[in-house]
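Computed from heavy atoms alone, side chains included, the values below leave out hydrogens, waters and symmetry copies. Note that the structure is a prediction, hence the values are computed from the model and not measured.
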Amino acid sequence: TCGVAVRDGMLMPNISTVENFRKMLGFAGSIACNDPAHGGSSGIYLADLLKRWGIYDQLKPKMVLCKTGRECALSLVEGRAEIGITFTSEFIPVEGTRVVGLLPKEIEYVNGYAAAIPAGADAAAKDFMAFLTSPASRVRFRDFGNRDTSCRSCPACGQQRRRAPLPASLGRAPGIP
């Protein structure tokens with residue numbers, strides 16, 4: 001899930017609303033984010049959002065474009081940027097950063113991951129899937145800012161969610177009903 005972070009000891013901006021998030025962008029002297037040219041989905045999303053709002057060109061000189069989320073976090077620690085915007089899971093393990101919060105709900109960006117076990121897979125694949133979906137793993141994912149959105153009532157996060165149906169235009173993979 002995409003969020004905002006600052007260097008430890010810095011004031012925490014209020015990003016609780018879209019209006020406050022936009023104000024923060026305007027007041028920030030420098031903004032670390034993933035470089036969309038390197039293909040990072042959070043950077044592509046942020047650039048598109050800023051273009052839709054008509055403020056991309058205004059903010060571009062403030063942007064510290066990074067190749068990875070970790071580099072974005074290190075930009076905060078090393079003082080190259082005042083705020084960082086990428087996946088919170090990139091900030092959490094980097095000592096010296098503090099996650100301010102997730103993007104406001106109206107503009108949130110959640111990068112989903114999916115996994116499947118192919119027919120005829122060996123025990124190692126099944127064990128790995130069991131590990132990824134275990135309560136202990138869900139706790140670790142949550143510790144690093146990730147949410148489990150795969151179930152209707154998730155025991156890890158308690159959120160009520162519904163999976164979106166697969167669009168008919170995508171079809172089905174061979175062997176999958």
**Fill in**
In terms of heavy-atom contacts, Cys2 and Thr88 come closest through C-CG2, 4.4 Å

**Item:** Least distance between heavy atoms, Ala116 atom then Pro118 atom
**Value:** O-CD, 3.6 Å

**Item:** Approximate separation, where rounding is to 0.5 Å, of Glu106 CD and Thr17 OG1
**Value:** 8.0 Å

**Separation between OG1 of Thr68 and CD of Glu90, rounded to the nearest 0.5 Å** = 6.5 Å

**Asked** In the single-linkage hydrophobic clustering (I, L, V, M, F, W, Y; side-chain heavy atoms under 4.5 Å), do Phe21 and Met10 co-cluster?
**Response** yes

**Message:** Taking Leu59 as the starting point, is it possible to reach Ile107 by hopping between hydrophobic residues whose side chains are less than 4.5 Å apart?
**Reply:** yes

**Item:** Validation row: Val4, Leu103 side chains within 4.5 angstrom (heavy atoms)
**Value:** yes

**Request:** Can you label the angle between the Tyr45 ring and the Tyr109 ring as parallel, tilted or perpendicular, going by 30° and 60°?
**Result:** parallel

**Prompt:** Just by distance, do the side chain of Ser137 and the backbone of Phe131 share a donor-acceptor pair under 3.5 Å?
**Reply:** yes

**Item:** Smallest separation among heavy atoms of Asn20 and Ser16, with atom names
**Value:** ND2-OG, 3.5 Å

**Request:** Mark yes or no for whether Arg7, through its side chain, and Leu76, through its backbone, hold a donor-acceptor pair below 3.5 Å.
**Result:** yes

**Asked** Asp127 side chain to Ala130 main-chain N or O, any donor-acceptor pair under 3.5 Å?
**Response** no

**Asked** Looking at Lys105 and Glu108, does any basic side-chain N land under 4.0 Å from a carboxylate oxygen?
**Response** yes

**Fill in**
Looking only at heavy atoms, the pair that brings Arg80 and Leu74 closest together is NH2-C, 4.0 Å

**Fill in**
Minimal heavy-atom distance between Glu95 and Val77, with the atoms involved, is O-CG2, 3.4 Å

Could you list the donor-acceptor pairs under 3.5 angstrom formed between side-chain atoms of residues 24-35 and any protein atom two or more places apart in sequence or on another chain?
unit_1 : atom_1 : unit_2 : atom_2 : d
Ser30  : OG     : Glu82  : N      : 2.9
Asn34  : OD1    : Ser42  : OG     : 3.2
Asn34  : OD1    : Thr86  : OG1    : 2.7
Asp35  : OD1    : Ala37  : N      : 2.9

**Asked** What pair of heavy atoms forms the shortest contact from Phe91 to Ile85, and how long is it?
**Response** CZ-N, 3.9 Å

**Request:** Find out if a path of hydrophobic residues (ILVMFWY) with successive side-chain heavy-atom gaps under 4.5 Å connects Met63 to Leu49.
**Result:** yes

**Connected via hydrophobic side-chain network under 4.5 Å: Val99 and Ile15** = no

**Prompt:** Would Val94 and Met12 show up in the same hydrophobic cluster when neighbours are defined by side-chain heavy atoms closer than 4.5 Å?
**Reply:** no

**Message:** Using a 6.0 Å cut-off, check whether atom CD of Glu19 has over 12 heavy atoms from anything other than its own residue.
**Reply:** no

**Prompt:** Below 4.5 Å, heavy atoms only, C-beta onward: do Ile44 and Pro36 meet side chain to side chain?
**Reply:** yes

